[in-house]
Amino acid sequence: MYLFLIIFMPCIFAYYCSNCDDKALIPVGAVGFLSSALLCALRAFFAFAYRTPQAGFFSNYIYFLFAYSLLPIAAVYVLFFCIVKDDVLFRIRAYFPLLCAFFAVYIPYTTLMGNRAVYSGFELFCKPVLYAAMIVASALCVRYAYHAYIRQAQSRAIAWIILFIVVLFVPAVIETLWFVGFSIALWLPLCAVYICMSVCAFFNARTDLLFEKNLLVFLPLKR
């Protein structure tokens, strides 16, 4: 029952490693795995494993936003970016393998640490895909913002930064809608659209088109 939750993100990372054109980025994944294992160990030893559910939308949204989007990126990627002495392009490209490896441990651990008897379909299937989509989409935003910046296209760089923020904030909305009991007819289509747009971005970014000029990378395009 837990197999998909546990192996999905590692499979994404393995796919990345097998297709990565810069093998120097692969060891970055080890940093992600180790930092996630360390964080999970600290949570296990020094924090309560069970969070008391809150009734309101906003309080739950803030929790999911910080726990699964803002804090992991701030604690892992920003710290990595500041410490590593490689060139900026390498650090930009390290965003995906670092966070994919981090979430490969973090998502299963934080989902299963409650030791409940039953887990929902959202937790076991939707959640890992949702946050994998977040990592893919946000990695592209970081990459395109950087390319726009070095080309001195400041307005496009700002647009990609804004989209990066939106990409990080949406998964917490979807998870909160599920958590507080909104209808599946509301959160499931939002989840599906978000994932599909990320998948489109992934495949479109593999072409030679200069997508940092616009947001078409997130739309299905005819070849």
Side-chain angles (χ1 to χ4, degrees), residues 5 8-9 32 35-82 95-96 98-116 118-142 145 158-195 197-198 218:
L5 171 67
F8 178 76
M9 201 78 77
S35 59
S36 185
L38 177 61
L39 179 60
C40 292
L42 291 174
R43 290 189 62 168
F45 285 110
F46 300 107
F48 291 107
Y50 181 74
R51 169 180 174 262
T52 303
Q54 304 294 317
F57 180 91
F58 184 73
S59 60
N60 286 296
Y61 174 72
I62 293 299
Y63 169 77
F64 290 125
L65 176 64
F66 276 85
Y68 292 102
S69 296
L70 300 186
L71 287 181
I73 291 175
V76 180
Y77 180 69
V78 174
L79 190 61
F80 174 88
F81 191 94
C82 295
Y95 180 97
F96 180 82
L98 179 69
L99 290 179
C100 184
F102 177 88
F103 276 92
V105 177
Y106 186 73
I107 291 292
Y109 173 79
T110 55
T111 301
L112 301 176
M113 68 179 184
N115 292 321
R116 302 199 312 270
V118 178
Y119 291 89
S120 71
F122 176 87
E123 294 171 296
L124 297 177
F125 300 102
C126 293
K127 187 169 182 172
V129 181
L130 178 65
Y131 284 97
M134 181 191 76
I135 298 170
V136 170
S138 59
L140 290 173
C141 290
V142 169
I158 292 173
W160 282 112
I161 292 171
I162 293 173
L163 185 57
F164 171 77
I165 295 171
V166 172
V167 165
L168 295 186
F169 278 55
V170 170
V173 173
I174 296 171
E175 185 163 8
T176 305
L177 289 173
W178 161 78
F179 187 79
V180 300
F182 278 80
S183 171
I184 190 174
L186 177 60
W187 61 260
L188 186 58
L190 289 175
C191 185
V193 169
Y194 184 86
I195 293 169
M197 292 182 71
S198 179
F218 289 98

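Taking each heavy atom of Tyr119 and Leu112 in turn, the nearest pair found is OH-O, 3.2 Å. Ala172 and Tyr61 get closest at one heavy-atom pair: CB-CE1, 3.4 Å. Contact detail for Glu123 and Leu5: the closest heavy-atom pair is O-CD1, 3.6 Å. Of all heavy-atom pairs spanning Cys126 and Cys191, the tightest one is CB-SG, 4.4 Å. Here the closest non-hydrogen pair linking Ala132 and Met9 is CB-SD, 3.7 Å. Closest non-hydrogen pair, Ala145 versus Ile161, comes out as CB-CG1, 4.2 Å.
Sorted by first and then second residue, the pairs that involve residues 129-138 and meet side-chain hydrogen bond (donor to acceptor under 3.5 Å, both in side chains), not counting sequence neighbours, are Tyr95-Ser138, Tyr131-Glu175.
Taking the side chain to side chain contact (heavy atoms under 4.5 Å, CB included) definition, one finds that Val180 meets it with Phe57, Asn60, Thr176, Phe182, sequence neighbours left out. With sequence neighbours excluded, the residues satisfying ring-ring contact (aromatic ring centres under 6.0 Å, His included) with Phe102 are Tyr106. Considering only residues two or more places apart in sequence or on other chains, Phe125 meets the ring-ring contact (aromatic ring centres under 6.0 Å, His included) condition with Phe4. The side chain to side chain contact (heavy atoms under 4.5 Å, CB included) check on Ala159 picks up nothing, with sequence neighbours excluded. In this structure Ile184 satisfies the side chain to side chain contact (heavy atoms under 4.5 Å, CB included) test together with Trp187, Leu188, sequence neighbours excluded.
When each of Ile165, Val167, Val173, Val166 is paired with Phe169, the side chain to side chain contact (heavy atoms under 4.5 Å, CB included) condition holds for Ile165 and for no other.
Atoms CG and CG, on Leu168 and Leu70 in that order, are 6.5 Å from each other to the nearest 0.5 Å. Remark: Cys141 SG to Ile162 CD1 distance equals 11.0 Å, nearest 0.5 Å. Taken to the nearest 0.5 Å, the CZ atom of Phe218 stands 7.0 Å off from the OG atom of Ser198. Annotation: the span from Ile73 atom CD1 to Leu79 atom CG amounts to 13.5 Å, rounded to 0.5 Å. Distance check: Tyr68 OH to Leu130 CG gives 11.5 Å after rounding to the nearest 0.5 Å.
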